[in-house]
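Below is one structure; the comments refer to it alone.
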Amino acid sequence: MQPIAILAENVHAAADPILREAGFTIERHAGALEGDALRAALARATVLGIRSKTSVREAALAAGRPAAIGCFCIGTDQVDLAPASRAGIPVFNSPFSNTRSVAEMTVAEAICLARRLFEKSSLLHAGTWDKSAKDAHEVRGRTLGIVGYGHIGSQVSVLAESMGMRVVFHDIIRKLPLGNAQPRHSLDALLAESDIVTLHVPSTPSTERMIGAPQLARMKPGAALINNARGSVVDVDALAAALRSGHVSGAALDVFPQEPASRDEAFESPLRGLGNVILTPHIGGSTEEAQESIAIEVAEKLVRHWTSGSTASAVNFPEVDLPTLRAGQVRIMHVHRNVPGVLSTMHGHFARESVNINAEYLQSDPHTSYVILDVDPFEGDGIVRALAALPETVRMRLTRA
Ligand code: NAI
C-alpha cells in the first residue's frame, strides 16, 4: 500500500518532492488539525506533518499510530512527546533551520540601533526632516557583546566581525571562539565593555530575567540592547526605565514576557512608544528561506525514518542512525518496552527458525527500546507473528531491500 503523508498548516511546498520521490501520496490541509479531523489524520497517515498550531495530545494519539510525526518548526511542545514515544512514534523537528534568519535580523538591528534609523524613519513618517548626525554611529570598530554563543550567537559573531565589529561573548559553556571573537568569563565583564549587547540564550531558570535593573546599570552609558531570544530573559519594566533615563540608548526586541496569541489581541508593553526602540512580533526566524529549509529538513527525516528506520535526531525516541539496507536483506524494526530479557527472547525466535542475523542496532531510553535487525530472507510469517505477539512489543515493521 502506498504510504500517505498528511501535511497540515500549509507546510512549505519544498517538502512535497522529497516525500513524493519516496513513494508518498500527499494530502494537504491549509489549517491546523483538531478534533475529528486530527483523529482521522492520525488514523490514516503513515507520517503526519504539522506546524505549531496542531496540538497532538495523548488522548488524540489513541486514534491512530503514524510511523512518525514531523513538526515542521522548531518547537515540539504541541505534541505530547512521552506518550508518543510510548506508542512507538518518533517525533522530528528542525531545530536550526532558522538560525541564519535570526542572525541576519540581529545584525540588521545592530546597525539600525547604532544609526537610530527606526527613530529617524518614524520622525520622517510624522513629517519631521531631522538630518542631525548626533548619536548616530557606524558599527565598524564598535564592540558587540553576545550573550549565549550557541548556534545563533556564533553566527552573529561571524557576520558582525565581517562588518568590522569587535566581538566579545559570554557563555556558561566553554566555546570555541570564531574568528577574533573573545570570551568573557562573566556577564558583568561583557556588559561593561559592549556598545551593543545581544542575547541568544535559551529560556531556563538561569536566564530568567538575566537582564534586569542591576545588569542594565552595568551596561556602558549609551549602549543598546537586542533581545531576539526569549521574553523571559529581560525585565522589560527595568529596560523601559533605563531607556527613558537615556542610560540605554536603544533596544530591539522580538520576544516578550507576554505575547499576543494572534493579531486580534492587542500587544501591551511598557516599551511601546519609546524612541529608538524596535519592536517586532516574534519574527526573528520567520523567513521564506527558513520555512523552505525546515520543510526540506523535516521531510528528509521523515523519509529516512520510513525507508530505513532511522530515528537520528528524533526528539522523543531512542536515536539510531542506520545504514541503507543491503540488497537481499530484510530489516525488522521493533519497538518494545525496555524490560530485561526481550532481546534474548527475540534472538531465540530467530535461532529456532534458523534465520541468520547480519546486523543488529539497539538504543533505549528508560521506557522504550528500539532494535533493528538486518536478517537473511526467510519463508513464512512465523517470526513476524512471534515478535508481534511478545507482551513487551509496542510496534514493529519490516522492509525488504
Ligand atoms: P543554542 O542552544 O544553540 O545556544 C544557546 C547558548 O546559550 C548555548 O551555547 C548555551 O550554553 C548558552 N547559555 C545557556 N544559558 C546561559 C547563561 N545563563 N548564560 C550564558 N549563556 C548561556 O540556541 P540557539 O539556537 O542559538 O537559540 C538561542 C535563542 O534564540 C533561544 O532562546 C531560542 O529560543 C531563540 N530563538 C528565537 C527565534 C525568534 O524567532 N526570535 C528563532 C529561533 C531561536
Side-chain angles (χ1 to χ4, degrees), residues 51-53 71-78 93-110 112 144-160 167-178 181-194 197-212 214-215 218-219 225-236 251-261 267 269 271 278-294 297-298 313 315:
R51 290 173 64 192
S52 56
K53 295 206 168 69
C71 295
F72 284 76
C73 48
I74 315 298
T76 51
D77 305 349
Q78 70 278 38
N93 68 339
S94 175
F96 313 119
S97 290
N98 62 10
T99 297
R100 175 68 185 212
S101 302
V102 183
E104 281 192 14
M105 190 167 100
T106 303
V107 167
E109 288 169 340
C112 287
L144 180 69
I146 300 174
V147 184
Y149 205 66
H151 291 92
I152 297 172
S154 55
Q155 280 273 319
V156 170
S157 172
V158 172
L159 296 175
V167 174
V168 296
F169 68 88
H170 169 65
D171 201 294
I172 44 168
I173 295 173
R174 207 176 162 81
K175 295 280 174 136
L176 174 73
L178 300 180
Q182 295 168 32
R184 291 293 175 263
H185 295 299
S186 74
L187 176 61
D188 285 352
L190 177 141
L191 295 174
E193 67 176 302
S194 301
V197 174
T198 185
L199 309 172
H200 301 288
V201 291
S203 173
T204 64
S206 82
T207 63
E208 174 96 28
R209 292 191 175 212
M210 77 189 292
I211 303 292
Q215 290 73 28
R218 281 179 206 123
M219 284 171 66
L225 178 73
I226 300 174
N227 182 13
N228 291 332
R230 287 287 177 194
S232 56
V233 176
V234 174
D235 177 344
V236 284
L253 294 104
D254 189 45
V255 288
F256 304 90
Q258 275 91 39
E259 297 181 4
F267 168 66
S269 170
L271 299 164
I278 302 169
L279 302 178
T280 47
H282 206 147
I283 49 153
S286 306
T287 61
E288 293 279 346
E289 288 78 7
Q291 289 307 315
E292 181 178 353
S293 136
I294 287 169
E297 182 177 345
V298 179
S313 86
V315 296

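Note that ligands are numbered from 1 as they come in the structure, with each ligand's atoms numbered from 1 the same way. Keep in mind that the numbers below use all heavy atoms, side chains included, and drop hydrogens, waters and symmetry copies.
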Could you report the tightest heavy-atom contact between Gln215 and Met210, atom names first, then the distance? CG-O, 3.1 Å

If we only count heavy atoms from C-beta on, is the Asp254 to Val102 side-chain gap below 4.5 Å? no

Proximal protein residues to ligand 1, non-hydrogen atoms under 4.0 angstrom: Asn98, Val102, Gly148, Tyr149, Gly150, His151, Ile152, His170, Asp171, Ile172, Ile173, Lys175, His200, Val201, Pro202, Ser206, Thr207, Met210, Asn228, Ala229, Arg230, Asp254, His282, Gly284, Gly285

Could you walk me through whether Glu297 and Ser97 pass the side chain to side chain donor-acceptor pair (under 3.5 Å) test, one step at a time? CA-CA 8 Å; Glu297 182 177 345; Ser97 290; 2.9 Å; yes

Show the nearest heavy-atom pair for residues Asn228 and Val255, with the distance to one decimal. C-CG2, 4.1 Å

With side chain to side chain donor-acceptor pair (under 3.5 Å) as the test, would you mind laying out the steps for Ser203 and Ser232 before giving the verdict? CA-CA 7 Å; Ser203 173; Ser232 56; 3.2 Å; yes

Would you call the rings of Phe267 and Phe256 parallel, tilted or perpendicular if under 30° counts as parallel and over 60° as perpendicular? perpendicular

